[in-house]
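Here's the structure, in structure tokens; my notes come after.
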Amino acid sequence: EAQVTQNPRYLITVTGKKLTVTCSQNMNHEYMSWYRQDPGLGLRQIYYSMNVEVTDKGDVPEGYKVSRKEKRNFPLILESPSPNQTSLYFCASSLVWNSPLHFGNGTRLTVT
Amino acid sequence: AQTVTQSQPEMSVQEAETVTLSCTYDTSESDYYLFWYKQPPSRQMILVIRQEAYKQQNATENRFSVNFQKAAKSFSLKISDSQLGDAAMYFCAYRGASGGATNKLIFGTGTLLAVQP
């Protein structure tokens with residue numbers, strides 16, 4: 001089944017403890033991106049990747065890192081999480097940059 | 001910068017009735033795409049309907065249709081014969097299509113739709 005898989009689905013952590021949210025797609029998509037969803041703000045793009053080893057900042061990149069070493073994987077790294085990064089995170093991918101986006105099922109992150 | 005505005009935080013509709021969700025956007029681009037996404041309690045982001053700005057004809061998908069007014073920069077979603085399964089958060093989104101654009105979607109703040117039996 002073609003899908004974007006995010007893990008974990010729920011994560012509770014403490015301030016400053018490094019974490020990684022994984023994202024994997026099995027559709028051979030070139031384009032991948034991360035969004036965060038906050039009440040009253042909708043979804044905002046954090047980072048995106050046009051292809052392997054090509055990443056760039058979105059609208060809210062502060063406090064996040066990404067890497068794209070393989071086509072299928074695009075992990076989101078929080079080196080030192082803070083409570084303002086408590087949010088619902090979505091990974092999305094598309095065949096190329098202007099194809100329809102496929103979303104993962106989201107990761108609910110709570111930082112205390 | 002492009003913006004998307006959904007002015008109705010919450011809406012309610014009776015089952016089998018019709019409801020219209022509003023969306024306006026601001027852009028200086030001439031070529032772009034507009035989308036409506038549905039987010040049920042499961043948190044999935046489900047694409048409901050897509051409209052290319054260069055197409056004058058309004059997109060339709062079964063019970064879902066849009067009223068796209070390019071000059072007014074308006075993109076409303078009409079849900080006909082509402083069903084209990086339509087209850088969800090609905091997001092309007094914009095994506096540029098001109099050279100140099102990425103696949104970044106710009107989302108509105110969402111409209112929470114309740115369907116009353």
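Each chain gets a letter, A, B and so on, in the order its sequence line appears, and its residues count up from 1. Values in this document were obtained by computation on a predicted structure and should not be read as measured data.
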Please classify the contact of Y33(B) with chain A as side chain, backbone, both or neither, using a heavy-atom distance under 4.5 Å.
neither

Greater than 12 external heavy atoms within 6.0 Å of N62(B)'s CG
no

Nearest-0.5 Å distance, CD of residue Q45(A) to CZ of residue F107(B):
9.5 Å

Measure distances from Q39(B) to the heavy atoms of chain A and classify the residue's part below 4.5 Å as side chain, backbone, both or neither.
side chain

Do other residues, nucleotides or ligands put more than 12 heavy atoms under 6.0 Å from the CD1 atom of I12(A)?
no

Measure distances from R44(A) to the heavy atoms of chain B and classify the residue's part below 4.5 Å as side chain, backbone, both or neither.
neither

Y31(A), V4(A): one ILVMFWY side-chain cluster at the under-4.5 Å cut-off?
no

With a 4.5 angstrom heavy-atom cut-off, which part of L105(B) approaches chain A: side chain, backbone, both or neither?
both

Should L19(A) and V60(A) be counted in the same cluster of Ile, Leu, Val, Met, Phe, Trp and Tyr side chains packed under 4.5 Å apart?
yes

What residue in S99(A), G58(A), A92(A) has the most heavy-atom pairs under 4.5 Å with chain B?
S99(A)

So, the part of T107(A) with a heavy atom under 4.5 Å from chain B: the answer is backbone

Same cluster (ILVMFWY, side-chain, under 4.5 Å), V48(B) and L21(B)
yes

Between L101(A), L88(A), L43(A), N105(A), the one whose heavy-atom pairs under 4.5 Å with chain B are most numerous
L43(A)

Kindly check if the number of other-residue, nucleotide or ligand heavy atoms within 6.0 Å of NZ (K78(B)) is above 12?
no

ILVMFWY network linking V14(A) to Y10(A), side-chain heavy atoms under 4.5 angstrom
no

Kindly indicate whether the side chain of F103(A), heavy atoms from C-beta on, has any atom under 4.5 Å from the side chain of R43(B).
no

Winner by heavy-atom pair count (cut-off under 4.5 Å) against chain B, out of D56(A), D59(A), V96(A)
D59(A)

With a 4.5 Å limit on heavy-atom distance, are the side chains of K104(B) and Y48(A) in contact?
no

Counting heavy atoms not belonging to Q56(B), are there more than 12 under 6.0 Å from its CD?
no

